[in-house]
2 protein chains.
Amino acid sequence: MGLTIYDIAKEAGVSASTVSRVINARPGIKKSTRERVEKILRDSNFSVSEAARGLVNQTSRMLGILVSDIRNQHHIEGAYMIEQHFMKKGYCSLILNAGDTDESRAEYIRILSSRRVEAAVLIGSVFQSEKVRKAIIDYMPTTPIVFQNGEFDLSNVSSVVADETEGTAEAVRYLYNQGRRNIAYINSNDTPSNRKKIAGYDKACAELGLESILSVSGDSAEESADTTEHLLSEHPELDAIIYAVDLLCVGGARRLLDLGKSIPKDIALIGTDNSPFSILANPRLSTIDTKLFELSSACSDILEKAIENPSYTEHVVIRPSLVLRETT
Amino acid sequence: MGLTIYDIAKEAGVSASTVSRVINARPGIKKSTRERVEKILRDSNFSVSEAARGLVNQTSRMLGILVSDIRNQHHIEGAYMIEQHFMKKGYCSLILNAGDTDESRAEYIRILSSRRVEAAVLIGSVFQSEKVRKAIIDYMPTTPIVFQNGEFDLSNVSSVVADETEGTAEAVRYLYNQGRRNIAYINSNDTPSNRKKIAGYDKACAELGLESILSVSGDSAEESADTTEHLLSEHPELDAIIYAVDLLCVGGARRLLDLGKSIPKDIALIGTDNSPFSILANPRLSTIDTKLFELSSACSDILEKAIENPSYTEHVVIRPSLVLRETT
DNA sequence: GAAATTTTTGAAATCGATTGCAAAATTTTT
DNA sequence: AAAAATTTTGCAATCGATTTCAAAAATTTC
């Protein structure tokens with residue numbers, strides 16, 4: 001297929017070693033030979049096989065980024081930052097959707113190990129499972145890994161997590177201080193991350209002596225609208241709802257408006273994540289900002305240090321903050 | 001670092017060839033040896049080095065997906081479909097942000113060539129440049145490439161494009177038929193794709209004897225809001241605006257509402273792309289659906305055939321359709 | 001039970017780079 | 001101009017797989 005350094009060597013009348021030295025700017029090559037080889041290199045559109053190079057050097061210059069769903073703005077934002085940052089250093093990123101079962105997610109760890117990635121990033125709390133943990137122990141026991149939004153107690157795994165429990169509790173307290181006394185929570189899928197949010201909701205309700213009103217919605221705006229309407233019919237006294245995800249909040253807001261409710265006068269709404277579209281929504285969403293950007297950039301920083309020094313790990317907790325806009 | 005087949009071979013008391021045969025399910029291995037080797041393979045958590053394998057087999061089982069900005073829902077949706085589809089076939093996807101200059105985009109072609117990807121996908125009309133074209137000729141002259149939303153007249157490049165000219169013209173005609181006579185167009189960045197849209201707008205205006213009122217906005221919702229307001233102050237007679245991007249339409253809608261305009265009574269709005277959030281917006285956006293899904297799945301289909309038969313190419317044009325919701 | 005046939009296995013070459021070491025070429029010193 | 005020192009270059013081994021070809025082992029045939 002492509003040219004090899006042997007082709008270049010023959011053309012230049014030198015050995016492959018010399019070509020290799022020119023390519024890698026090694027010293028001890030006569031200026032005239034270097035220039036001759038360089039010219040041929042340029043004219044022939046040669047490109048080094050990274051696979052062959054990696055085999056010798058025991059490196060791949062590849063990163064593995066595992067996300068549960070790349071279409072999620074949330075996840076892609078993290079993948080983007082890391083990809084951009086490491087591309088500048090000559091690393092390519094294998095960005096993979098890790099499927100939706102623990103088996104499949106564990107399998108992806110094996111795939112990354114087969115590709116000999118130099119480091120990996122796990123984005124999303126769904127990776128928190130015994131199967132994935134075991135796969136890491138089996139297949140990547142020493143590869144630096146950064147887990148965004150989850151933790152493993154393993155010597156090669158760093159973590160960057162948002163304190164979602166506290167973030168959600170904070171939202172409840174805020175609503176309480178605004179005089180709301182009937183605060184419901186609408187959850188999405190059952191993930192470790194969402195369990196932490198609910199823990200925060202329950203904790204704050206207990207603290208404040210409020211009734212905990214929990215409901216679960218499918219993960220589309222439309223389903224959330226239905227869930228919201230249904231919840232309201234069962235609890236007409238509701239004066240605030242917190243949603244586990246901004247998208248659900250948008251769906252709920254829309255339906256409440258259609259039902260003639262006034263937001264936030266009749267009912268206050270708080271979403272979660274401060275997703276890009278939350279500020280585009282009408283009304284603009286108040287939301288629990290899980291500090292996606294900080295999370296991702298912390299991952300990127302840790303990864304960088306860990307690639308330098310594979311035994312480096314770090315555990316970062318980032319505290320969410322409340323962003324108040326038009327729904328509270 | 002990891003185990004090699006030689007380690008496995010020693011452990012099993014056989015040669016590396018035998019291990020290789022077992023791994024690849026080649027025939028002619030005694031059942032008892034096969035089972036012994038398989039057991040060791042399982043117990044040792046061995047994983048084949050794809051790089052070494054690729055070197056021998058002259059394959060990489062990697063795909064290159066170049067996008068101009070992975071955070072763009074638009075682009076990521078395409079990358080997602082392709083990644084998902086080919087992962088099932090054992091391919092890993094290098095998803096790369098190709099930067100924002102023609103030089104950098106061309107450079108990424110070289111990077112993919114260095115990684116010896118078996119096929120590549122270009123997502124976004126911005127790749128339509130002489131530099132990229134030359135990079136393809138130089139570095140990937142025979143690698144199957146599918147260009148989503150652009151074309152190169154090269155024997156290895158397939159294309160899947162939306163007929164944005166016609167799609168936009170269609171939107172103008174629709175508004176005209178609804179009785180609108182003062183239809184403006186707000187464009188975003190100057191890209192080949194956006195130029196096609198404007199061509200369609202201008203064409204339809206000419207056909208219908210309308211004045212062409214063109215304005216350009218920055219690419220945030222806020223900037224679009226400002227542009228919209230400014231445009232309206234200069235052309236108070238406006239009764240419809242088409243936006244090159246849904247996001248801009250959301251920004252515009254919001255500002256118009258704030259200015260006390262009624263949508264669509266006073267002024268009708270049409271976005272472009274049918275982005276996921278366009279249906280979440282309030283009011284729900286009418287939009288020119290550029291058939292992202294069809295586009296991506298056509299790319300995926302072509303890619304599949306092209307990997308089988310590297311000289312296969314195809315050129316697909318998909319016609320956008322108008323999705324009418326609450327802003328018209 | 002020896003010969004012929006078939007099945008199973010391993011040695012060695014290969015893929016495309018990199019690198020240590022020794023040989024060749026060049027320059028410096030005498 | 002020869003010897004010594006230095007610079008430049010190439011040979012060969014290596015990375016971790018796969019595959020061809022021939023040898024060894026097992027099976028069948030006579």
Side-chain angles (χ1 to χ4, degrees), chain A residues 1-38 40-41 44-62 90 92 110-111 113-118 139, chain B residues 1-38 40-41 44-62 90 92 110-111 113-118 139:
Chain A
M1 206 190 267
L3 293 168
T4 72
I5 55 169
Y6 292 95
D7 299 321
I8 306 293
K10 194 192 292 175
E11 172 101 15
V14 297
S15 74
S17 333
T18 301
V19 177
S20 172
R21 290 189 184 105
V22 171
I23 292 172
N24 296 288
R26 295 269 179 286
I29 296 283
K30 207 202 292 180
K31 196 165 176 211
S32 60
T33 9
R34 156 159 289 137
E35 279 166 358
R36 182 156 39 95
V37 173
E38 273 170 349
I40 294 174
L41 243 20
S44 65
N45 303 316
F46 168 84
S47 75
V48 187
S49 161
E50 289 291 343
R53 172 183 276 179
L55 199 55
V56 181
N57 293 345
Q58 298 284 53
T59 61
S60 62
R61 297 189 78 66
M62 289 204 290
C92 273
R110 206 197 50 70
I111 292 172
S113 126
S114 232
R115 299 284 173 172
R116 302 288 189 267
V117 295
E118 294 181 32
Y139 293 106
Chain B
M1 205 188 268
L3 293 168
T4 73
I5 56 169
Y6 293 94
D7 300 320
I8 305 294
K10 194 191 291 174
E11 172 101 15
V14 297
S15 74
S17 331
T18 302
V19 177
S20 172
R21 290 193 184 100
V22 171
I23 292 172
N24 296 288
R26 295 270 178 287
I29 295 283
K30 207 201 292 180
K31 197 166 176 209
S32 59
T33 2
R34 155 159 291 137
E35 280 165 358
R36 182 157 38 96
V37 174
E38 272 169 349
I40 294 174
L41 243 20
S44 65
N45 304 315
F46 168 84
S47 75
V48 187
S49 161
E50 289 291 342
R53 174 183 272 177
L55 199 56
V56 180
N57 293 345
Q58 298 284 54
T59 60
S60 62
R61 297 189 78 65
M62 289 203 290
C92 274
R110 205 197 50 70
I111 292 171
S113 127
S114 233
R115 300 283 174 174
R116 302 291 189 265
V117 295
E118 293 182 33
Y139 293 105

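Chain letters run A, B, ... following the sequence lines, proteins first, then strands; residues in each count from 1.
- Asn57(B) has no side-chain polar atom (N or O) that falls below the 4.0 Å cut-off from OP1 or OP2 of dC15(C).
- Evaluated for a side-chain hydrogen bond (donor to acceptor under 3.5 Å, both in side chains) with Ser47(A), the options Arg116(B), Arg110(B), Arg115(B) yield exactly one hit, Arg116(B).
- Remark: side-chain polar atoms of Asp7(B) are not paired, donor with acceptor, to backbone N or O of Leu3(B) under 3.5 angstrom.
- Comparing Ser32(A) and Tyr6(A) by the nucleotide of DNA chain D whose heavy atom lies nearest to each, the residue mapping closer to the 5' end is Ser32(A).
- A straight line from CD of Gln58(B) to C1' of dG16(C) spans 9 Å, rounded to a whole angstrom.
- Contact annotation for Arg21(B): base contact, defined as any heavy-atom pair under 4.0 Å involving a base atom.
- Going from atom CZ of Arg34(A) over to atom C1' of dG10(D) covers 16 Å, rounded to whole Å.
- Nucleic acid contact for Val19(A): none, since no nucleic acid atom lies under 4.0 Å from a heavy atom of the residue.
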So what's the dot-bracket for DNA chain C: Watson-Crick or G-U pairs under 3.5 Å, [ ] if a pair crosses, | if it pairs off-strand? ||||||||||||||||||||||||||||||
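- Using a 4.0 Å heavy-atom distance criterion, Ile29(B) is classed as a sugar-phosphate-only contact.
- Each of Leu55(B) and Val14(B) was matched to the nucleotide of DNA chain C holding its nearest heavy atom; the match closer to the 5' end belongs to Val14(B).
- A donor-acceptor contact shorter than 3.5 Å is absent between the side chain of Thr18(A) and the backbone of Val14(A).
- For the pair Ile8(B)/Tyr6(B), no side-chain contact is recorded, criterion being any heavy-atom separation below 4.5 Å from C-beta on.
- One can place CZ of Arg116(A) at 20 Å from P of dA17(C), the figure rounded to the nearest angstrom.
- If you find the closest nucleotide of DNA chain D to Ser17(A) and to Ala16(B), the one lying nearer the 5' end belongs to Ser17(A).
- Looking at heavy-atom distances under 4.0 Å, Thr18(A) makes contact with sugar-phosphate atoms alone, never a base.
- Among the atoms of the strands shown, only primed sugar atoms or phosphate atoms (P, OP1, OP2) are found under 4.0 Å from some heavy atom of Thr4(A).
- In this structure, Glu50(B) atom CD and dC15(C) atom C1' are separated by 15 Å, rounded to whole Å.
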